[in-house]
Structure formats: structure tokens, C-alpha cells
Amino acid sequence: MRSTPGLPATWAALLCLLAALACLLNPAFSVKEHDFKKCDQSGFCKRNRAFADDAAAHRTTWSSPYDVIPESASLKDGQWQAVILKTINNGERARFPITVSLLKSGVARISIDEEKRQKKEIELRHNSKARKERYSEAEDWVIVGGLELDKQAQVAFQDKSQVNIKYGGDQDLEVVIKFSPFEVDFKRGGESHVRFNDRGLFNMEHWRPKIEKPTAEEGKGEDGTKNDSGEDESTWWDESFGGNTDSKPRGPESVGMDISFVGYEQVFGIPEHTGPISLKQTRGGDGNHQEPYRLYNTDVFEYILDSPMTLYGAIPFMQAHRKDSSVGVFWLNAAETWIDVVKEKDSKNPLNLGKGSTSTHTHWFSEAGILDAFVFMGPTPRDLTKRYGELTGYTAMPQEFSIGYHQCRWNYISDDDVKDVDRRMDKYKIPYDVIWLDIEYTEEKKYFTWDPHAFANPVSMGQQLDAHGRKLVVIIDPHIKKVDNYPVSSNMLSKDLAVHNKDDETYEGWCWPGSSNWVDCFNPKANEWWKTLFKYDSFKGTLENTFLWNDMNEPSVFNGPETTMPKDNIHFGNWEHRDIHNLNGLTFHNASWEAMVSRKKGEKRRPFILTRSFYAGSQRLGAMWTGDNQASWEHLAASIPMVLNQGISGFPFAGADVGGFFGNPDKDLMARWYQTGIFYPFMRAHAHIDSRRREPYMLGEPYTEILTKALRLRYSLLPSWYTAFFHANREGSPVVRPMFWTHPSEESGFAIDDQLFVGTTGLLAKPIVEKDKFSTDIWIPDDEVYFDYTTYQVMKTQKGKRVTVNAAIDSVPLLMRGGHIFPRRDIPRRSSAAMRFDDYTLVVTVSKDGSAEGDLYADDGDTFDNEKGQYIYRKFSLADNVLTSTDAEGRNAKSVKAGSWLKAMRDVHVDRIIVIGAPASLDVKEVQVESEGKNWAVKVDYHAAEKGRAAFAVLGRVGTKIGEDWSIKI
């Protein structure tokens, strides 16, 4: 949803109208960049960049002012601890305790705090109620496991200048900590991969009091900003931007660190930004950015493309890749963060035998908090996402309906409108699972209410949807309208559950309802109260098929600095908003998750909640989307790398508004966007309130049929999509996978981000994202055989080269890699609920060596019974001309007491098996199936290869139970 800054509600409405008229007159949207800070307008960013510039200018003489006290160092049970001394210009020294935790997984963690603030031996300005310590509680929200220490770690060498510690067991890992100046070098196999402070940019701003002085002290500059040590204080204290002043009661407190990826030219991750997944340099130059990548969750509506500007979410997880080697760093800090990326040639790298390689030097700096960073030593992309998931949590198993198609716009105008859309989708035989309601369904923007005129009978609306196996999603935002006779507002205020301002009074700002207050979800009591609002007897009109959308949770504040909340606001525990800003969306998402899972006593069902703002760990709670995009070909193209980047960063349940939020897409753009959207893990069409209605049936033929065809492809593959989510839930793997993740040895594919593999299926898609283009070139990562999905044509491929695939406006380029087996359900249905107990089709794509493998995961798609063993997980294999299905975990089906879903699945079978690249041995009338101690014959319809099309065979009806072992000799 788009934000429109405003003042009183009437003015907000007027501004919305004016903005809408502007949209109609000028379809070329652009973000108002002056509303958001550049680095030199953010005091701590400016200081840290200047610090780096000074170090670079004096590279030969520069020395970091931080040294480890050798006598303070000790290693015990996998933790190395010491004290770092910082030499200050006036000769004083500040102390910073450091802990290096070596984890059993091979991950290492560096934590550095400031002793004086730790001990609360500082004074706050402006009589602030804020905490004196540096914020260190982000891990309470983010980290859920993986912290077991490697107690076998041991010192391999130590003297007065450094210590070398071996850890990670047989992973052959080593950390070298140099004392003077302080530096940390992480090695694998004796080779350096990640270095902290090797360029001397570590900078932890120690506390100092503000000394008032004349504004034009002689010899100290015209503005009197230089102190006695010659330091420029102009950005240390009160800081203004866009008419708002940040009181900064703790003064300057940023923390920065340079982190080098030695011998790695490409780095990935740190969403959310637009642009390629292979991150650009940020210090200027041809094709590079001038600004650092910024992580500061804000409502950047009408965002621009290929930019390091902040967007709605932040995951400070960066990965570096080179041929057969991957490493990563997770910077656990919830404050505003900027990251510079610079690449330099390094002729000394021994891997390149004197030819020279490129290292990527990054510089991270956050406004507040401790330094807390995790180092992942790979060596594969799969290792990185798995270890990161162990720490921050894996993607929750979604509601099965949620991976279907979602129909949304701002706004469906009434319950009759919703019913009509539902009926017309059925009339035109267009499958969908969910219809959404934006803010206009409420009474005067009061959440947990219904407009009494437009939505007079929400129960009847929900019941019609339920009868068709469909769901309703309603929006609930964190801003609560401040108005009399609104119980939600009066209860929140009377219980003191809202965010406070710097004066420790309830904060008031402006959002959609006008004057609003914001629920403080850092407060456990606020979360308990929030739960009560979602009970069926409290939120009347909602049913068991009602689910949730959390928008505007950055938080978006129309009259706030950078369209968000002032940094000196106070949250529960007296933490400043600056400390926890990037966590805010996660805490609201979490409160809503807890509320939805406890709506009714005894009802244990998985929530579905979409969030706009997110942080590391948000993947445990639901889905995200890329915000307010535009109906343009450029935004369509940008959506693919954005979704891929979310996947490798641990949050794969991601999508973009299909069709584009702002503007009116032409019919060809709609066709190509639906053909792209079917490869988003989260697929929702959405549109601005001033956009023309564009439900698929509105387009007319042939376009309605084109969109329906794309949706049918999505729905037939839902078993494969659900299995891909299972792998994300079990091991942190992306649902849709970029080339470097699936083929980490193929350097020419590392930067490719316009094509993807779907889970473990071997399906390779490259949607067309350009106007008037009817073919595309797909990069082939290996020597395996590839088939066209629709025609079974054998593609003339070569490893590392591109193959041209034709795709008329009604088709999408989709290849099948040989060596895979993937499940489908081929009967067209109106929704996923209608497919629940349909039989399966298995597609076998035979590899060059005659083998194939794949899997299927299924559960009830609704409850948490899967955690009690109520699921089916099958492994399919073709080897030595025998096709088999076995339990992937070696479970005995009879060892699990079947609940109602498992019992129903006993009547679900494998209907057909399609073998593509079929061997000549399948040119027979029938084959024998063996299962459950029985044998029977299955007919074979064999088609010999011709005119470039692979030989294929259709086996059917197979009749084996999907949950039982079986084998077929072919």
C-alpha cells in the first residue's frame, strides 16, 4: 500500500486524491529521494566514511587505534575473551570487552561492547529516560539455535602479538587474532577467507560528555564544532533532517568494522534493495553506486530501480562466492546500518599463481548497539543458508493454500464485490485460493472493525469463500486510530501499551486514520493484549478461513522523519527506537503470529501472515512482498533478482505485486507478469486504488486464457512447490534458486539472476520480462540433457553457453533438467483445497546416464500435526532400469498412528508416470508394478523420438498408494 504523508484526516484524504490525480497524469513515477537521507546527511555514516577516507589517504602510515591487552586474553570452552583498548586523541583510553565464540557448527561469532556504557557509567542528555547501555538484545528476537560452543577448540599458537585457535573439528578452521593493532583473520585449510579490521576501520565511538562552548571559539572554526582534540563535533549531537530534530541523548555511539572477503570478487545478499544479486561497488566509478547500501526499514513508495537506497526490510547477511568456495557474514545489529563495497586487485593471493585476483572489501557501520557479527566459513552456498537458518530459524511450513494464487487490490469495495469476484473467477474457470481486503474494509480506518455499509455481512462473504475452498485475508496495521469511542484505542492507551516519545509520553503521529498511536510489540503485555483482539468473538465477522496482512510496520509514519518514527522515541525496556528500528516490523509480525495461532482454544492451525517490513528471523513467521512497485517492464524484470536475493538470505517466501501496484499495465505486460509470478514463492496480484480493475477475466480473450494457462501451470506444480518449502523448512534452502547456489563451480553463472531452478525439481525457468520479445536465451550450467517442458524437445545445449527458447505471448520458457523426478496434480481445480486428495502424476526426466531422482513431501497443509509425524515424505529413484518409491527417512508407515489426514491419504494414488527421455526398453505394452506384496500390470503408451523430440512413455493408471513403497522394472 502506498503512503501519503499528511496532517488531519481530511487533509490526508485530500493529499491521497491529489496524489492519485498526479498518478493518472504522470505514469512515470519516481521516489522522492530528497525525503530520505544520503550518507552525508546521516551523521554517523558521514563520520565513518570520513574515517575510512582518512585511513585510505594515509594508508602507509595508518594504524588502527585499537589494541588487545595480551594479559586479558583467555580461551575457555570455545570462547576467547579479552579487552580491547582504544587510544583516544587526548591520551585517554577506552575499554571494549571482546568475546570470540567458536561454535560447534563451524560458525564463529565476534561480540564487542563498551565497558563504560555496560557499567552505566555515563550521563544522558535532555533528562532522557533511555537506557545507558548499548543495545544487546537483538539476539533475543533473532537467534533461535545453533549457539552450542565448540569446547574442543584449542590454541595452536600464542605469543604477545597474536593467538591462533583451531576450531570446527574436521572442517580445518582457524582464527588468528592479532593484538596490536587488533585484527581477526578467519582461515579454512590454512588460507585466509574473511578478515576483520585488516584495513584498520574498526571504530566504536566511546561515550563522551557534551561540553558547551561558544559557537565561534577562536581557532576552532567559525561554527565552533571542533573540540580540544581537534575533532569535528558537528554531527555528534542533536541532528536535524526534513524538519525533525533527533535529540540523541547518548551522543555519538556508532560502531563500524571493515570486513574483507579475501580472493572473492562477488558478494550477494543484504536485502532489501533493487538491483542485481551480485552487489555493486559503492564508491563511484563507471556502473557503480556512489552511496553505500543502506539498511533502514522505511516506507519508500514509488521506489527506484538499481539503487542502494533502503527499502522496507533489512537482512544484514552477506555472502561471498568464488569457484567452489563460499563464506558469509551476518551483522546482528537492528539500528540504521550502511555498507560500503569496494573491490581491489590483489596480486599476492597464492591461489592465482601471481596472476592477481580480486578481493571484496566491505565496510559496515551502524548507528548504535554492540558489534555482534557471525562468520560462516562455508564452503558451499548450501552450507551458508543451512547454518544461517540454524541461527535465525528456517522458513515456517506455510499453509498450503498460501502457495496458490492470491487475488488482491486496494480495494474491493464491498462484500458483494468480493462475492462477485469469487463467482466470476469460477465462471471463467480461473483457479485462485485467496481474496484480500485492503484498508477500506474498516470503519473509518479503525482496525478490527468493518465498514457497516460496504461490509454489512462479512460472515456471509467468508462463508461463500469457504464453500469454494477459499480464504480471506484482511489488513491490520500497527497504527491505532486515536479517537473517542474506539475500544481498541482506549484499551491500548489505558494499559500504556503504545510506543512513547522522547519525553516518555505516548507517541502520536499520522498515518491512514489520521492521528494515531503505535502498539509497542516489544512489550510482552502488549502482545498478550494483541492476542485478545483476534479472538473470533472479539474480531466479529472473521472466520476460520480469515488470515492476515501486516502492512506499514516499518513503521510508516506520514509526518515522521523519513516517513518513519523518530529515533529518540522510547520503547518497552527504555530502549530508544534508534536501537531497535529494523526489528520493529518483526516484533509486530511476531505479535500477530502469536495472536493468530491462539484465536480459539484448542484450534492449532498455522497462521498465514504477509509482512512488508522484516528482519533476520522474519522467515519463521510468514511471507513478504517487495512493496509498492510499478506497472512497468523494468519493475517486472527487477522482481526476479529481488525474490532470488530474499531466498539466499534466508527468507524465501517472497513475491512481488503481480501486474505492478502503481499504474495500468497493458495486456502483454499482464501476460508476462503472470508468467513470471507463477515462479514467485508467494504469488499475489495487487493494484493501487486508482488503477483500473484488472482481474484476469477483465482482460478479454486471448489474454484471460493466457493468464489462466499460467495459473494452471502453477497449480499443477503445487506438490513440487510445497516440497520445495519443506526443504526450506528443514535445511534453509531457497525455494527458487539462482545459478550460483545450484552450480557453485560455474563462475560464469554467478551473476546470472534472471533465471531460476524451482526447488529440487530440475525445472529451469527464465520468464520473459521485455516488451515485444518472443524468445529468450537460457544459460545452461552443466553437461546434463535439458528438455522443453511442453514439447519434450531435446535442447541443443552446451555447458556454460546459452540456448535460445521460443516463447510466444501465451508461453513461458521452461526447461526440464535430466535426472529429476517431480510430482504434479493434473486435474484442473478451482483452488488448492479442491486438489487436496487428488491423485499424483510423476514426471521422470531421464539423465544422460539413465538415472533420475526426486521427492515428494505432503502433510495436511493446515495444522501443526506434521510435527507429530503426520506427513508423507517419499523418495523417488530411477536406477538400473528400476523406478522406486521409498520413505525418504526410512520410516515404517505403520509405525506412525495415522490421524484423519493420513487415513484419507490412503486413498490417494500415483495415477500416471511420464518418463521423458524414455529408454527403448519401455517400448512395451505394459510393465509390472510391485507394492504391498502384490503385483499388477500397468499399460505403457510409448512414443519414439522424432524430429528432435525425446522419446517418452506414459504409464497409467499406476494405482500405487502415494504413501507406500513400490517398484517398477522398466
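All values derive from a computational prediction rather than experimental measurement.
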*Could you tell me whether E123 atom CD has more than 12 heavy atoms of other residues or ligands within 6.0 Å of it?*
no
*Please walk me through it: do E272 and Q646 pass side-chain contact (heavy atoms from CB on, under 4.5 Å)?*
CA-CA 8 Å; E272 183 182 27; Q646 288 291 135; 4.3 Å; yes
*Centroid-to-centroid, F740 to H321, below 6.0 Å?*
yes
*Under a 4.0 Å N-O cut-off, is there an ion pair linking D53 with R283?*
yes
*Expected output: side-chain S260 to main-chain H361 donor-acceptor under 3.5 Å*: no
*asked:* Between the side chains of R95 and E115, is the shortest nitrogen-to-carboxylate-oxygen separation below 4.0 Å, so that they form an ion pair?
replied: yes
*Could you grab the distance from atom CZ of F179 to atom CD of Q162, nearest 0.5 Å is fine?*
8.0 Å
*Inspect the contact between R612 and E554 and indicate whether a charged nitrogen and a carboxylate oxygen are less than 4.0 angstrom apart.*
yes
_Determine whether a donor-acceptor pair (N or O, by modelled atom type, separation under 3.5 Å) exists between the side chain of K160 and the backbone of P70._
no
*Taking atom CD of Q152 as the centre, report whether more than 12 heavy atoms of other residues, nucleotides or ligands fall under 6.0 Å from it.*
no
_Y135 ring center within less than 6.0 Å of W575 ring center_ = yes
*Using a cut-off of 6.0 Å, state whether more than 12 heavy atoms not belonging to K116 lie near its atom NZ.*
no
*How far does CZ of R47 sit from CD of E233, to the nearest 0.5 angstrom?*
10.5 Å
*Do V194 and V262 have side chains that get closer than 4.5 Å, going by heavy atoms?*
no
*Is the number of heavy atoms from other residues, nucleotides or ligands within 6.0 Å of NZ (K280) greater than 12?*
yes
*asked:* Using modelled atom types and a 3.5 Å cut-off, is there a donor and acceptor pairing between side-chain atoms of Y66 and backbone atoms of E183?
replied: no
*Do the ring centers of Y293 and H273 come within less than 6.0 Å of each other?*
yes
*asked:* Could you check whether any side-chain heavy atom of N584 comes within less than 4.5 Å of a side-chain heavy atom of H571, counting everything from C-beta outward?
replied: yes
*asked:* Can you tell me which residue among E576, E367, E253, E562 is in a salt bridge (Lys or Arg N to Asp or Glu O under 4.0 Å) with K567?
replied: E367
*Donor-acceptor pair, N297 side chain versus S613 backbone, under 3.5 Å?*
no
_Closer than 4.0 angstrom, basic N to acidic O: yes or no for R188 and D172?_
no
_Using modelled atom types and a 3.5 Å cut-off, is there a donor and acceptor pairing between side-chain atoms of T360 and backbone atoms of E265?_
yes
*Atom NZ of K210 with >12 non-hydrogen neighbours under 6.0 angstrom*: yes
*asked:* So if I apply the ring pair (Phe, Tyr, Trp, His ring centres under 6.0 Å) rule between F51 and each of W62, F202, F365, which one comes out positive?
replied: W62
*Rounded distance [0.5 Å steps], CD in E205 versus CD in E114*: 9.5 Å
*Indicate yes or no: at least one non-hydrogen side-chain atom of W331 is less than 4.5 angstrom from one of S366.*
yes
*asked:* Taking the ring centre of each residue, are W141 and F522 less than 6.0 Å apart?
replied: yes
*Calculate, to the nearest 0.5 Å, the distance between atoms OG and CZ belonging to S111 and F374 respectively.*
6.5 Å
*asked:* Using modelled atom types and a 3.5 Å cut-off, is there a donor and acceptor pairing between side-chain atoms of D258 and backbone atoms of R199?
replied: yes
*Under a 4.0 Å N-O cut-off, is there an ion pair linking R109 with D372?*
yes
*With a 4.5 Å limit on heavy-atom distance, are the side chains of Q319 and I648 in contact?*
yes
*Can K38 and E291 be counted as an ion pair, charged N to O under 4.0 angstrom?*
no
*asked:* Between S359 and K343, is there a side-chain heavy-atom distance shorter than 4.5 Å?
replied: no
_Check for me whether R387 meets the cation-pi criterion with F376, that is, NZ or CZ under 6.0 Å from the six-membered ring centre and within 45 degrees of the ring axis._
no
_With a 4.0 Å cut-off on N to O distance, would you call K129 and D504 a salt bridge?_
no
*May I ask you to check if R134 and W207 form a cation-pi contact, with NZ or CZ under 6.0 angstrom from the six-membered ring centre and within 45° of the axis?*
no
*Would you mind reporting whether V142 and L583 have side-chain heavy atoms less than 4.5 Å apart?*
yes
*State whether the number of non-hydrogen atoms from other residues, nucleotides or ligands found under 6.0 Å of D159 atom CG is greater than 12.*
yes
*Could you check K502, M565, H577 and say which one makes a side-chain contact (heavy atoms from CB on, under 4.5 Å) with Y507?*
M565
*For G169 and D150, work out which heavy atoms get closest and say how close.*
N-OD2, 4.1 Å
*Identify the heavy atoms of W236 and E231 that sit nearest to each other, and give their distance.*
CH2-OE1, 3.5 Å
*Return the set of residues passing ring pair (Phe, Tyr, Trp, His ring centres under 6.0 Å) with H589 (not counting sequence neighbours), or none when no residue passes.*
none
*Does the distance from a Lys or Arg side-chain N to an Asp or Glu carboxylate O, for D579 and R250, drop under 4.0 Å?*
yes
*Let me see the working for D568 and S247 under side-chain hydrogen bond (donor to acceptor under 3.5 Å, both in side chains), right down to the final yes or no.*
CA-CA 7 Å; D568 51 9; S247 62; 2.8 Å; yes
*Counting distance only, does the side-chain N/O of R382 pair as donor-acceptor with the main-chain N or O of W741 below 3.5 Å?*
no
_Tell me whether N333 contacts the main-chain N or O of L371 through its side chain, where contact means a donor paired with an acceptor under 3.5 Å._
no
*Roughly how far, to the nearest 0.5 Å, is the NZ atom of K37 from the NZ atom of K46?*
12.0 Å
*Quick one: pull up CD in E731 and NZ in K386 and give me the separation to the nearest 0.5 Å.*
6.5 Å
*Evaluate the side-chain proximity of L332 to I143: yes if any heavy-atom separation is below 4.5 Å, no if none is.*
yes
*Say whether, by atom type as modelled, one donor and one acceptor occur between the side chain of T392 and the main chain of G617 under 3.5 angstrom.*
no
*asked:* For F614 and Y312, I'd like to know if the aromatic rings sit close, meaning centre-to-centre distance below 6.0 Å.
replied: no
*Is the closest basic N to carboxylate O distance between K120 and E133 below 4.0 Å?*
yes
_Any heavy-atom pair between the side chains of K525 and F572 that's under 4.5 Å?_
no
*Are the ring centres of F261 and H193 closer than 6.0 Å?*
no
_When you measure from the side chain of S128 to the backbone of L124, do you find a donor-acceptor pair of N or O atoms at a distance under 3.5 Å?_
no
